[in-house]
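Structure, as structure tokens:
The basis for the numbers below is simple: all heavy atoms, side chains too, and nothing from hydrogens, waters or symmetry mates. Numbers for residues simply follow the sequence, beginning at 1.
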Amino acid sequence: MSVQYSSDELMDYDEAMERFDVVLGLEVHVELGTASKMWCGCSTEFGGEPNTHTCPVCLGLPGSLPVVNRKAVESAIRIGLSLGCEIAQWCRFARKQYFYPDMPKNYQISQYDEPIAFDGRVELEVDGARYEVPIERAHMEEDAGKSLHVGGATGRIQGSDHSLMDYNRAGVPLVEIVTRPVLGTGTRGPEVARAYMAHLRDMVRALGVSQGRMEQGQLRCDANVSLMPKGSTELGTRTETKNVNSLRSVEAALRYEIRRQGAVLAGGGRVKQETRMWNEAGGFTTAGRSKEQAEDYRYFPEPDLVPVAPSREWVEQLRATLPEMPAVKRARLQAQWGLTDLEMRDINGNEGALDLIEATVDAGCDPAAARKWWLTELARAANERGVGLEDLPIDPARVAEVQELVDAGTINDKLARTVLEGVLAGEGAPARIVEARGLAVVSDDGALSTAVDAAIGANPDVAERIRGGRVQAAGALIGAVMRQLGGKADARRVRELIIDKLS
Ligand code: ADP
Ligand code: MG
Ligand code: ZN
């Protein structure tokens, strides 16, 4: 057993940016949302009793034969096309040998020198600046099972008594997307990497090939980074950080590695080529496997599978099914909703906000109101709970219903916030909450008139000013009425009554 802490020396980030150029390399695994696995008919559903979604094929039993899942190939092609890649006329699967209990066959079926898609690029915009990420390849492969290390393995303490294996995930189709070395990100490398991940997530969701949930491992990133002294043209030695499971950690892990490598190089040392693990709780990376010698996976063409040769007709049919890409969609919605760049930036800066606002607008809500609720009240609620906007227990349609109640004058903005709280607390539909909690605004003239009279009586000086023509002073009286009625007065009507009575 060993206890690991980070004792790395770190260079100041800005100093590292002054002295070095950053080179990134991102390897992203997308778990495809096909109903069945890559080579067999077993379910790909997440969770489930361990080892219940298995059969001889995905358990790698002798004599079982894999059959390619056509839907997975289709998804891989659509991903490739969305990345601007060429689609191979002909490609093969390959066996990648390694011995680890999560891979029951003792080899993984992947693709090696003949990937299904290659030579693409992704264009990104980060805070108004444009970047290009060159894509080397996107290939198909199968996922491994999950190991659970039991006994002794807690927190930072390594080592366990024994391991349990769950093969439900073994054989689930994956597409791995690999970039070429990404140069030219200036001081923004980690942010560009994060924006790239967000782009891939939005892209696979728009394609409908994966839900792209990072916390469930549906999108996994290995983040490579190296530094080269300013002016040098020779790539430095990279490290590959694994286990980065959120957009935030992609950025944080790269920042950490840049600062760590900067300190190593500035101290006259050499960066070791190795995989490193991101420690989410501690915010640092630790050394993993050394990669000084390229591992020998003894790849060879998979003899149990025929090559895949997608016809050009099929590829063109699939190209015709491609949805609008995220950046294009953002620009379109901005124009449609009439939002400024600044207003749009808030939306883009809030994960999932765009789609939620769009769904709210589709449910009949005014875009400005939809934007307001998701970026204020609901963003705060998500923050308080430490979850993403899309994990809040509220449907966009419900938000639209709340705004409908505001538009109808049944509730005001302040009460709307209470109603949203009620929806989040599981109290049901907005209209029901208004009734159950007695939240409807008082717009009945009798009750309002009595309250207005009382407010005028209690504030003779304000009333005098309004009589003298200073209508702006009405705000103070409206406030007094609101206090009397527990915030539930129809402010517009109160204002009218005040002016009527005092003119
Ligand atoms: P491995 O199997 O070792 O992970 P891959 O070729 O699959 O290697 O992926 C390596 C990733 O690192 C690719 O995205 C590649 O572009 C990137 N890369 C290669 N060299 C460098 C470097 N010097 N600095 C940063 N990234 C690099
Ligand atoms: Mg790798
Ligand atoms: Zn199976």
Side-chain angles (χ1 to χ4, degrees), residues 23-31 38-39 57-62 64-66 68 76 88 90-119 135-147 149 158-159 163 165 167 169-182 217 220-226 234-244 257 261 270-278 285-308:
V23 179
L24 305 169
L26 298 157
E27 301 164 73
V28 177
H29 285 92
V30 182
E31 203 178 83
M38 189 73 198
W39 326 113
V57 174
C58 54
L59 288 175
L61 300 186
S64 61
L65 280 177
V68 179
W90 190 95
C91 66
R92 267 193 300 203
F93 290 98
R95 282 191 188 179
K96 179 180 183 180
Q97 333 285 328
Y98 70 90
F99 295 89
Y100 197 72
D102 65 5
M103 196 45 88
K105 298 193 290 287
N106 277 334
Y107 59 82
Q108 177 191 31
I109 305 180
S110 180
Q111 294 195 292
Y112 184 46
D113 48 359
E114 295 156 317
I116 183 128
F118 52 92
D119 282 350
I135 305 294
E136 183 184 302
R137 57 195 273 148
H139 68 252
M140 299 179 278
E141 59 185 33
E142 59 178 326
D143 211 344
K146 263 188 188 158
S147 21
H149 305 292
Q158 295 191 323
S163 297
M165 295 307 312
Y167 292 114
R169 203 180 63 183
V172 168
L174 297 178
V175 168
E176 179 173 356
I177 302 166
V178 184
T179 70
R180 290 187 196 289
V182 185
R220 310 198 282 266
C221 174
D222 298 339
N224 295 265
V225 65
S226 66
E234 201 185 314
L235 293 188
T237 305
R238 71 184 159 106
T239 58
E240 176 181 347
T241 302
K242 305 237 174 212
N243 197 33
V244 273
E257 267 307 293
Q261 292 182 16
R270 236 168 39 88
V271 172
K272 252 194 8 196
Q273 182 165 344
E274 60 190 1
T275 61
R276 296 183 66 88
M277 294 297 289
W278 172 242
T285 65
T286 51
R289 271 180 304 135
S290 156
K291 274 204 175 175
E292 292 285 1
Q293 300 99 9
E295 291 132 296
D296 185 2
Y297 291 124
R298 293 172 297 129
Y299 278 103
F300 65 82
E302 169 57 59
D304 285 343
L305 289 166
V306 290
V308 174

Gap between atom [atom2] of [Y] and atom [atom1] of [X] - 0.5 Å precision:
X: Ser110; Y: Arg95; atom1: OG; atom2: CZ; value: 13.0 Å
X: Lys242; Y: Thr285; atom1: NZ; atom2: OG1; value: 14.0 Å
X: Gln97; Y: Tyr107; atom1: CD; atom2: OH; value: 8.0 Å

Handout entry: Those residues that, when tested against Ser147, pass side chain to side chain donor-acceptor pair (under 3.5 Å) (two or more places apart)
Key = none
Not counting sequence neighbours, which residues clear salt bridge (charged side-chain N to carboxylate O under 4.0 Å, His left out) with [X]? List them please.
X: Glu257; result: Arg260, Arg276
X: Lys105; result: Glu142
X: Glu114; result: Arg92
X: Asp113; result: none

Handout entry: With sequence neighbours excluded, residues passing side chain to side chain contact (heavy atoms under 4.5 Å, CB included) with Thr179
Key = Leu26, Val133, Ile135, Val182, Tyr196
So do [Y] and [X] actually touch side chain to side chain, heavy atoms under 4.5 Å?
X: Asp102; Y: Met165; value: yes
X: Met140; Y: Phe93; value: yes
X: Leu305; Y: Pro66; value: yes

Handout entry: Glu176/Arg137 salt bridge by N-O under 4.0 Å criterion
Key = no
Practice task
Could you tell me whether a side-chain N or O of Glu31 sits under 3.5 Å from a main-chain N or O of Val172, the two making a donor and an acceptor?
Solution key: no
Problem - N/O donor-acceptor pair under 3.5 Å between Glu27 side chain and Asp222 backbone - result: no
